[in-house]
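Atoms within each ligand, like the ligands themselves, are counted from 1 in listed order. What you are looking at is a predicted structure, and each value in this text was computed from that prediction instead of being measured. Every heavy atom of this structure was used, including side-chain atoms; hydrogens, water molecules and symmetry mates were not. Positions are given from 1, in the same order as the sequence printed here.
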Amino acid sequence: MLSWEELEKNCMECRNCQLCQTRTNVVFGVGPRDADIMFIGEGPGEQEDLQGEPFVGAAGKLLDDMMSIIDLGRHNSYIANIVKCRPPHNRDPEPEEQDACIGYLRNQVALIKPKIIVCLGRVAAKRIIDPEFRITKQHGTWDQRGGIWMTAIYHPSALLRDASKRPETFDDLIFIRKKIRELKLRILDADGNRVY
Ligand code: URA
């Protein structure tokens, strides 16, 4: 396992797959490096590639709103992606691209030691929870592995495309809140006051 400094340096200089040829910025991840909760998306889009930060475009605004419903935000949760460089035209990252990149995420998880991982959408859920994961049927279900509770919710981009999925996602968020309480996690707001 690499230290944060080595990991970030390697990731920023990475040329392990073809996505390095078209990226503007590597999107490493943001948030406290000791967060109890991680949100994991699939890969940077256009805005993320330009700004070097995950979930800063339209889907990111919705993710911020979703997180704030249960008092979560970038100040108390770590946000990262399966692949750190933008797949051209926002296509799904290819399996070889995921394979080339997943070590960075594994190292991030090993350093952060989160108690809960929330996968955002199908690509992350298949890669992290189960290759056979069906997001339409299994969103909001929980698995525990290596001491980490894992769940998946619809990707905010899917909720922008299809608002009819939003009520189910609201329920899933409430279950995340329930899990945070069950696990007695200590989560702070942006001012350092305890919200859980
Ligand atoms: N979609 C993702 O999966 N990740 C981002 O960072 C932005 C959009």
Side-chain angles (χ1 to χ4, degrees), residues 7-8 11-12 14 16-20 22-33 35 37-69 72-109 112 114 116-131 133-136 138-140 150-163 165-166 168-169 172-173 176:
L7 181 67
E8 191 161 10
C11 193
M12 291 301 167
C14 184
N16 289 350
C17 83
Q18 58 186 348
L19 297 182
C20 69
T22 47
R23 75 178 175 224
T24 313
N25 283 298
V26 174
V27 180
F28 183 67
V30 283
R33 293 179 166 184
I37 306 185
M38 276 184 87
F39 285 83
I40 301 178
E42 62 180 70
E46 185 183 20
Q47 282 307 313
E48 291 76 20
D49 174 62
L50 290 172
Q51 297 181 45
E53 197 173 313
F55 285 98
V56 288
K61 299 271 174 299
L62 181 56
L63 177 61
D64 285 336
D65 290 347
M66 290 159 62
M67 291 169 75
S68 73
I69 291 173
L72 299 180
R74 286 166 203 255
H75 53 278
N76 60 24
S77 305
Y78 196 89
I79 306 178
N81 282 304
I82 300 287
V83 296
K84 312 296 194 208
C85 299
R86 183 191 183 200
H89 313 294
N90 299 347
R91 63 162 170 73
D92 286 354
E94 304 283 358
E96 311 80 66
E97 295 161 352
Q98 296 185 29
D99 291 345
C101 208
I102 199 73
Y104 296 122
L105 182 65
R106 286 195 203 293
N107 204 144
Q108 285 171 307
V109 171
I112 295 169
I116 293 177
I117 290 181
V118 180
C119 297
L120 298 167
R122 172 181 53 87
V123 170
K126 279 181 177 284
R127 189 74 211 203
I128 291 172
I129 302 176
D130 177 0
F133 199 91
R134 299 286 306 277
I135 192 77
T136 46
Q138 291 172 268
H139 67 84
M150 302 187 182
T151 190
I153 62 177
Y154 282 118
H155 193 288
S157 301
L159 301 175
L160 287 173
R161 283 194 302 270
D162 180 1
K165 293 187 167 82
R166 290 189 185 201
E168 294 168 77
T169 303
D172 294 344
L173 290 168
I176 294 171

Does anything in residues 84-98 form a salt bridge (Lys or Arg N to Asp or Glu O under 4.0 Å)? List the pairs, not counting sequence neighbours. Arg91-Glu97, Asp92-Arg122
Which atoms from ligand 1 have a heavy atom of Pro54 less than 4.0 Å away? 6 (O)
I'd like to check whether Phe55 has a polar contact with ligand 1, where a contact means an N/O of the residue lying under 3.5 Å from an N/O of the ligand. yes
Taking Arg127 first and then Asp99, would you say they form a salt bridge - that is, a charged N and a carboxylate O separated by under 4.0 Å? yes
For atom 4 (N) of ligand 1, the protein heavy atom that lies nearest, with its residue and separation: Asn81 OD1, 2.8 Å
Going by the order shown, which atoms of ligand 1 are within less than 4.0 Å of some heavy atom of Gly41? 3 (O)
Using the test ring pair (Phe, Tyr, Trp, His ring centres under 6.0 Å), find all partners of Phe55 that sit at least two apart in sequence or belong to another chain. His155
Strictly distance-based, threshold 3.5 Å: is any side-chain N or O of Asp49 a donor or acceptor partner for the main-chain N or O of Arg23? no
Check Glu42 against ligand 1 and report side chain, backbone, both or neither, counting heavy atoms closer than 4.0 Å. both
Using heavy-atom distances, let me know which of Pro156, Ala58, Gly43, Ser157 sits nearest atom 5 (C) of ligand 1. Gly43
Side-chain contact, heavy-atom cut-off 4.5 Å: Cys119 with Phe133? no
Give me the nearest non-hydrogen protein atom to atom 1 (N) of ligand 1 as residue plus atom name, then the distance to 0.1 Å. His155 NE2, 3.3 Å
Is there side-chain contact between Val26 and Tyr104, with at least one heavy-atom pair below 4.5 Å? no
